[in-house]
Amino acid sequence: PATITATVVAGLERSAAAVGAAFAADPAALARPYAAGKWTGRQMLLHIVDCESAFLDRVKRTLADAKPLLWALDPDRWNARLVFPNRSLLVSKQLFDAQRALLNEFVSSLAADEWQRCAVHNEAGKLSLHDLLAKFVSHTEHHLEQVEATIAGRTWIAQSG
């Protein structure tokens, strides 16, 4: 339905603005972990950028192919292998902005029936494009909470629910 689709679009817009603001945070604040023994705000931001790449690829495959197979990624392995100390936050922000702009172009041009195109995720099973995008918005917003906690200098605690 249109209301659900509008919620996804609003979530994409909201999270894009929040990620952009987080990149402007003090590097010292981003160097803090969101909880003891957890990733730093910087690591979380770079994870968000890496996931943006993966999700954009998934959206493209879902739009272009007939029931494509989508592969899960191991966030801890990606963090260990891809988030190195001299990785540029400026380049990562530019990459995020460009990818999100392209994703927004795709989403804004979707016909109603295209939201129901499906892919098969190797762990989550069959997902519609709408399900994929809703999951993506939720994932980004979840990690933004953690980044915002590091910036504010507080420990992030998962909400039970």
Side-chain angles (χ1 to χ4, degrees), residues 8 10-65 68-107 119-161:
V8 169
L12 288 169
E13 292 171 359
R14 184 176 56 249
S15 62
V19 169
F23 270 105
D26 177 21
L30 290 173
R32 294 188 289 253
Y34 66 86
K38 299 297 184 179
W39 290 359
T40 65
R42 182 180 188 282
Q43 289 172 310
M44 291 305 310
L45 272 178
L46 294 173
H47 172 69
I48 289 169
V49 173
D50 288 339
C51 287
E52 189 83 16
S53 298
F55 273 94
L56 180 59
D57 179 71
R58 291 172 182 175
V59 167
K60 288 177 176 181
R61 290 177 187 279
T62 304
L63 286 171
D65 299 335
L69 180 58
L70 309 177
W71 292 99
L73 61 88
D74 179 335
D76 291 321
R77 180 169 287 148
W78 280 44
N79 181 53
R81 303 284 302 170
L82 303 175
V83 178
F84 39 88
N86 61 343
R87 185 166 164 190
S88 169
L89 286 180
L90 175 61
V91 170
S92 293
K93 181 184 184 310
Q94 291 169 338
L95 180 60
F96 175 84
D97 290 343
Q99 292 176 136
R100 183 55 66 94
L102 182 56
L103 181 61
N104 287 341
E105 280 184 24
F106 284 137
V107 169
V120 179
H121 188 276
N122 70 309
E123 292 178 354
K126 185 178 176 182
L127 295 170
S128 69
L129 184 59
H130 178 270
D131 295 337
L132 186 65
L133 287 165
K135 182 182 279 284
F136 179 53
V137 168
S138 174
H139 173 268
T140 304
E141 289 178 343
H142 167 75
H143 288 313
L144 273 168
E145 289 177 9
Q146 295 164 331
V147 173
E148 289 165 351
T150 68
I151 293 168
R154 60 181 165 73
T155 299
W156 179 82
I157 300 170
Q159 301 296 315
S160 61

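Index from 1, following the sequence. As the structure is a prediction and not an experimental result, all values here were calculated from the model.
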Minimum heavy-atom separation for [X] and [Y], please, with both atom names.
X	Y	result
Phe96	Glu52	CE1-OE1, 3.2 Å
Ser15	Glu141	CB-CG, 4.4 Å
Val49	Arg87	CG1-NH2, 4.2 Å

Strictly distance-based, threshold 3.5 Å: is any side-chain N or O of [X] a donor or acceptor partner for the main-chain N or O of [Y]?
X	Y	answer
Asp74	Arg77	yes
Arg42	Pro85	yes
Arg58	Trp71	yes

Looking at [atom1] of [X] and [atom2] of [Y], how far apart are the two atoms once the value is rounded to the nearest 0.5 Å?
X	Y	atom1	atom2	answer
Met44	Leu144	CE	CG	8.5 Å
Lys38	Gln146	NZ	CD	8.5 Å
Asn79	Asp50	CG	CG	8.5 Å
Gln43	Thr150	CD	OG1	10.5 Å
Glu13	Arg100	CD	CZ	9.5 Å
Lys93	Leu46	NZ	CG	13.5 Å

Do the side chains of [Y] and [X] get nearer than 4.5 Å, heavy atoms only?
X	Y	answer
Asp76	Trp39	yes
Phe23	Asp97	no
Ser88	Gln94	no
Asn104	Leu12	yes
Thr62	Leu70	yes
Val8	Val107	no
Asp26	Ile151	no
Thr40	Leu30	no

Under the criterion side-chain contact (heavy atoms from CB on, under 4.5 Å), I'd like the reasoning laid out for Leu132 against Arg61: C-alpha separation, chi angles, the key distance, then a yes or no.
CA-CA 12 Å; Leu132 186 65; Arg61 290 177 187 279; over 6 Å; no
Would Thr140 and Phe55 count as a side-chain contact (heavy atoms from CB on, under 4.5 Å) if you check the C-alpha gap in whole Å, the side-chain angles of each, and the deciding distance to 0.1 Å?
CA-CA 11 Å; Thr140 304; Phe55 273 94; over 6 Å; no
Can you tell me how the ring of His139 sits relative to the ring of His143, calling it parallel under 30°, perpendicular over 60° and tilted otherwise?
perpendicular
Run the salt-bridge test on Lys135 and Asp131 with the 4.0 Å N-O cut-off and return the result as yes or no.
no
Stepwise, does the side-chain contact (heavy atoms from CB on, under 4.5 Å) test hold for Phe106 with Lys60?
CA-CA 9 Å; Phe106 284 137; Lys60 288 177 176 181; 3.9 Å; yes
Would a line drawn from the ring center of Trp156 to the ring center of His142 be shorter than 6.0 Å?
yes
